[in-house]
Number of protein chains: 2
Amino acid sequence: MPRPRSLTSDQLATAALAVIDRDGLAGLSMRAVAQEIGMSTMGLYRYVDDRGELEQLVIDRVLDTVDTMPPDKGRPWYERIEIMVERLRHVVSSHPWLVPLIIAHRHRSVAIMRWSEPLAAILAEAGLDGRERVIALRSLLAYVVGAIQLEQLGPLAGAGTQVIADRAELPYLSETARHAHDVTTDEEFRGGLALLLRGIGGSTDAR
Amino acid sequence: MPRPRSLTSDQLATAALAVIDRDGLAGLSMRAVAQEIGMSTMGLYRYVDDRGELEQLVIDRVLDTVDTMPPDKGRPWYERIEIMVERLRHVVSSHPWLVPLIIAHRHRSVAIMRWSEPLAAILAEAGLDGRERVIALRSLLAYVVGAIQLEQLGPLAGAGTQVIADRAELPYLSETARHAHDVTTDEEFRGGLALLLRGIGGSTDAR
DNA sequence: ACCTGAACACCGTTCAAGT
DNA sequence: ACCTGAACACCGTTCAAGT
């Protein structure tokens, strides 16, 4: 007579997230998650094939909280894209320790697909044809993925910027670094996005 | 009487690269590198403080091969930026297994700073002021970092794109995915970069 | 079917010792 | 000063066994 499963995937993801919140990504291990749940380590393998699948559960659980509702159609297309992008950024930024996991498992995440759907729709509406839409969508994804990492791993306001500012043998770069304090994290992210959106808009008459 | 050091940092980096080329990034360990060199594992700790420092040696060794010579000033600024960006992409793409390491250690790499110097100079020449230059430079870096990862981890021509194309509940996204085969890897990368550069150009009169 | 515990083959790193 | 080997505190995962 089969015993009922004592766990759901969601409980597993919640336990893993609790471990990460307490001990950081480095603290995530099959043993730690098992202990968090109060089960033997090997018991986890009833629910996931391997550690990678556990990681996927965690990032899906987080990315599922991103609002995928299409923004109000009364707004211009580029504002609507900005809204969608900021929603993703907000969720990722509130779990900075997960950034490496999200990057690694992003392309297997259904949540990211659902988030991308309104983006594709908005780009179509803006007048981009199939080819242009592929390039615009991928470049937006590239920018978002890269910018979030820059923000988390090498922030403009961090120590690295000061190091660069002091490098006399790199005059242009260090001069630029000295202007970094004029730009907030938000201004940096939105400023770069605005540049990309302006470029995208230039290829349509919907600008 | 002190014995002379038997190793240079460069030999260490070369050995680590040999391990990675043979067994992948997962095969990289202090023990494996020590064996490659023919030294005890702990001997490595005469040369690096920890594994992270070994990784930094490897990525510096690779990124040092990027050509940082400023491109011919006769060309328009956006073409010169494209040349610089393609040089970095070419080097990184020829060591795809290193991509996660490069991402993680990028902000500590002197080679990346030297590569960024001509970029900052070109942007200044294009007429961008300090604030604009900060945002343009960071957005270029974000795009490059993100796009290289997309290219390596979730290529447009890969299986993931077909999965998306078959998702009927995401009509716009799957319709867009069906146009993916019209776009080569190079066209995708350069297309996105061109969009960003057009956006940057729009904020100057040098366009 | 669900869960456990021992065991295997690994890690990075500390520490005491050898030349 | 340079290098070694044993040991410590971890990993993910396989496998045989228990209920």
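A, B, ... follow the sequence lines: proteins, then strands. Residue 1 opens every chain.
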Side-chain donor-acceptor contacts of residues 63-70 of chain B below 3.5 Å, not counting sequence neighbours, with atom names and distances?
from	atom 1	to	atom 2	distance (Å)
B:D64	OD1	B:R114	NH2	2.8
B:T65	OG1	B:V62	O	2.6
B:D67	OD1	B:M69	N	2.9

Please set out all donor-acceptor pairs under 3.5 angstrom arising from side-chain atoms of residues 150-157 of chain B, sequence neighbours excluded.
from	atom 1	to	atom 2	distance (Å)
B:E151	OE1	B:R89	NE	3.1
B:E151	OE2	B:R89	NE	3.4
B:E151	OE2	B:R89	NH2	3.1

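Contact check of residues 46-54 of chain A against DNA chain C (heavy atom, cut-off under 4.0 Å) returns A:R46, A:Y47. Residues from residues 96-109 of chain B that place a heavy atom under 4.0 Å from any atom of DNA chain C: there are none. Contact check of residues 34-43 of chain B against DNA chain C (heavy atom, cut-off under 4.0 Å) returns B:T41, B:M42.
Listed for the A:R131 side chain is a donor-acceptor partner under 3.5 Å among the backbone atoms of B:D182. Proximity of a side-chain donor or acceptor of A:R138 to a complementary backbone N or O of B:G192 within less than 3.5 Å is not detected. A donor-acceptor pair is defined here as one N or O able to donate and one able to accept, closer than 3.5 Å; no such pair exists between the side chain of A:Q149 and the backbone of B:A142. Side chain of B:R133 to main chain of B:L128: a donor-acceptor pair is present (N/O by atom type, distance under 3.5 Å, no hydrogens or angles).
Not a single salt bridge (Lys or Arg N to Asp or Glu O under 4.0 Å) links B:R46 to another residue, sequence neighbours left out. For A:D129, there are no salt bridge (Lys or Arg N to Asp or Glu O under 4.0 Å) partners, not counting sequence neighbours. Residues satisfying the salt bridge (Lys or Arg N to Asp or Glu O under 4.0 Å) criterion with B:E55, sequence neighbours excluded, are B:R51. By the salt bridge (Lys or Arg N to Asp or Glu O under 4.0 Å) test, A:D10 is found to be paired with A:R61, residues two or more places apart in sequence or in another chain being considered.
For A:L44 and D:dC11, the CG to P distance is 13 Å, given to the nearest whole Å. Rounded to whole angstrom, the span from the CD atom of A:E55 across to the C1' atom of D:dC11 amounts to 13 Å. If you take CE of B:M30 and P of C:dC11, they are 12 Å apart, rounded to a whole angstrom. Atoms OH (A:Y45) and P (D:dT14) sit 7 Å apart, rounded to a whole Å.
For the pair A:A136 and B:L195, the tightest heavy-atom approach, listed with the atom from each and the gap, is CA-CD1, 4.1 Å. Smallest separation of non-hydrogen atoms from B:L193 and B:Y143: N-OH, 3.3 Å.
For residues 21-33 of chain A, the pairs satisfying side-chain hydrogen bond (donor to acceptor under 3.5 Å, both in side chains) are A:R22-A:E36, with sequence neighbours left out.
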Intra- and interstrand pairs of DNA chain C - dot-bracket, Watson-Crick/G-U under 3.5 Å, | marks other strand: ||.|||||...|||||.||

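In this structure the side chain of A:L44 reaches within 4.5 angstrom of the side chain of A:I37, judged on heavy atoms.
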Could you go over nucleotides 7-10 of chain C and give all protein N or O partners under 3.5 Å, atom names and distances?
none

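Counting non-hydrogen atoms of neighbouring residues, nucleotides and ligands closer than 6.0 angstrom, the CD atom of A:Q11 exceeds 12 such neighbours.
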